[in-house]
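Working notes for the structure below.
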Amino acid sequence: MLAGEHYYDACGALLHTVKTGEPAFRHVFGGSIYDVMMKDPEAALVYDKAMADLTRPVAALVAARHDFSGVSTIIDVGGGSGTMLAGLLSAHKHLRGTCIDREDVCARAAAALRASGDEDLADRLSFHGQSFFESLPEGGDVYILKNVLHNWGHDSSLRILRQIAEAMRRKVASGGRAPRLLVIEALVEGTDTSLRKLVDALFQVALCEEGTRERTEAEMRGLLGEAGLGVVAIQQLPTELAVIECTLAGAG
């Protein structure tokens, strides 16, 4: 439904993107997808459900493959309706999590969780509505950033990562152990000119912030380094996504 409605309408203006480099979505709708969702509750609900469908299998993979034994609290930055955290917390009963996203998203997700009757999950999963361009809470042992950076260009992505890095530094300054950040994104090779990758690239240019594109591993490492973060490990999932585990630069 998401692809067949707003995305489809935006792609009707691809010629505008080809001529100007500007996002077709903004040209058609006068703002970003997030602006549209703020004005159209039905579109927002479709978007929430689409992102949940994409996230659910990834959450299962990360829950099974990543070691959360020394972790108590996870903060999912831009976590939408909390699907990633719900998957992780359901698989690992010792975990608690906070999902950070727009206030309207968090309000819908919190209401849906209460209505689900899952009291255990509702007790361990909370929602906090705010912009991820603003100061973030420092209480996480692990921060997660899934499929967020691929919606934003370099400068915006750097702002998001610097807010996370600052939250991580505040925890260390208060005597806590250095947190980790899991960036879950697709990494591309510069030599990949397959039709699928070219279509993905066109999709990003047309629908996301101007200047947005997929990043190679070297580009991702460079972006993280600018934000004061170092890569500890990269694990390729059996999908196109990779889990890039990071810590504060110099923290080991």
Side-chain angles (χ1 to χ4, degrees), residues 55 58-59 62-63 65-80 82-89 91-92 94-103 105-106 124-187 215 217-235 237 241-252:
T55 300
V58 179
V62 174
R65 291 167 177 258
H66 189 77
D67 182 9
F68 291 99
S69 58
V71 175
S72 296
T73 303
I74 301 175
I75 297 178
D76 190 355
V77 180
T83 304
M84 171 63 75
L85 282 176
L88 298 180
L89 271 58
H92 300 283
H94 68 286
L95 294 176
R96 304 185 70 86
T98 299
C99 178
I100 295 176
D101 213 295
R102 301 190 322 277
E103 290 187 4
V105 177
C106 289
R124 294 185 291 124
L125 173 55
S126 61
F127 294 88
H128 183 67
Q130 72 165 87
S131 168
F132 46 42
F133 293 116
E134 300 171 358
S135 179
L136 296 168
E138 68 267 22
D141 301 309
V142 169
Y143 289 78
I144 291 179
L145 198 63
K146 177 197 170 288
N147 278 4
V148 171
L149 300 181
H150 76 170
N151 289 324
W152 301 95
H154 177 274
D155 291 348
S156 294
S157 294
L158 189 57
R159 285 176 63 195
I160 297 166
L161 289 168
R162 282 176 171 166
Q163 292 294 356
I164 296 173
E166 176 58 28
M168 294 166 70
R169 279 191 288 270
R170 291 200 306 272
K171 180 170 184 179
V172 173
S174 66
R177 188 177 65 175
R180 296 293 173 101
L181 166 64
L182 303 183
V183 176
I184 305 174
E185 290 274 347
L187 297 176
R215 297 173 174 91
E217 180 181 330
E219 289 169 336
M220 183 64 77
R221 286 179 179 271
L223 178 64
L224 291 163
E226 282 189 71
L229 298 161
V231 176
V232 176
I234 298 179
Q235 180 183 25
L237 298 177
L241 297 177
V243 180
I244 305 153
E245 185 175 356
C246 314
T247 189
L248 291 170

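From a predicted model like this one, the values you see are computed outputs, not experimental measurements. The residues of the chain are indexed from 1 along the displayed sequence. For the numbers below, each heavy atom of this structure counts, side chains included, while hydrogens, waters and symmetry mates do not.
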Quiz item: Minimum heavy-atom separation for A63 to H92, with atom names?
Solution: O-NE2, 2.9 Å
Quiz prompt | From CD1 (I74) to OG1 (T98), nearest 0.5 Å | solution = 10.0 Å
Self-check item: salt bridge (charged side-chain N to carboxylate O under 4.0 Å, His left out) partners of R169, counting only residues at least two apart
Solution: E166
Self-check item: Parallel, tilted or perpendicular, as decided by the 30° and 60° cut-offs, for the rings of F133 and W152
Solution: perpendicular
Exercise. Return yes if some donor-acceptor pair links the side-chain N/O of E217 with the main-chain N/O of L187 below 3.5 Å, else return no.
Key: no
Practice problem: Could you tell me whether the side chain of R170 and the main chain of L136 form a donor-acceptor pair under 3.5 Å? | Solution: yes
Practice problem: Report yes if some heavy atom in the side chain of N151 is under 4.5 Å from a heavy atom in the side chain of S156; otherwise report no. | Solution: no
Quiz item: How about N147 and V58: do any of their side-chain heavy atoms sit closer than 4.5 Å?
Solution: no
Quiz item: Of the options I184, I244, L161, which is the one that meets L149 in a side-chain contact (heavy atoms from CB on, under 4.5 Å)?
Solution: L161
Quiz item: Nearest 0.5 Å, what's the CG-CZ distance between L223 and R215?
Solution: 5.0 Å
Quiz item: Minimum heavy-atom separation for P179 to V172, with atom names?
Solution: CD-CG2, 4.1 Å
Quiz item: Roughly how far apart are R159 CZ and S131 OG, rounded to 0.5 Å?
Solution: 7.0 Å
Quiz prompt | Set of salt bridge (charged side-chain N to carboxylate O under 4.0 Å, His left out) partners for E103, sequence neighbours left out | solution = none
Self-check item: F132 side, atom CZ; I75 side, atom CD1 - distance, nearest 0.5 Å
Solution: 15.0 Å
Quiz prompt | Close side-chain approach of R65 and Q235, heavy atoms under 4.5 Å | solution = yes
Self-check item: R177 (side chain) donor-acceptor with D141 (main chain) under 3.5 angstrom
Solution: no
Quiz item: Which atoms form the tightest heavy-atom contact between M168 and L181, and what is the distance?
Solution: CE-N, 4.1 Å
Quiz item: About how many Å separate OG1 of T73 and CD of E138, when rounded to the nearest 0.5 Å?
Solution: 12.0 Å
Self-check item: Closest contact, heavy atoms only, C99 versus G80
Solution: SG-O, 3.3 Å
Exercise. Grab the two heavy atoms, one from Q163 and one from S135, that are nearest each other, plus how far apart they are.
Key: OE1-CA, 3.4 Å
Quiz item: With sequence neighbours left out, what residues match R102 under salt bridge (charged side-chain N to carboxylate O under 4.0 Å, His left out)?
Solution: D104
Quiz item: Nearest 0.5 Å, what's the CG-NZ distance between L241 and K146?
Solution: 6.0 Å
Practice problem: Work out which heavy atom in C246 is nearest to a heavy atom in L229; give both atom names and the distance. | Solution: CB-CB, 4.5 Å
Quiz item: Between D76 and D101, is any pair of side-chain heavy atoms under 4.5 Å apart?
Solution: no
Quiz item: Does the side chain of V148 reach to within under 4.5 Å of the side chain of I160, using non-hydrogen atoms?
Solution: yes
Quiz item: Does any N or O in the side chain of H94 come within less than 3.5 Å of the main-chain N or O of F68, such that one atom is a donor and the other an acceptor?
Solution: yes
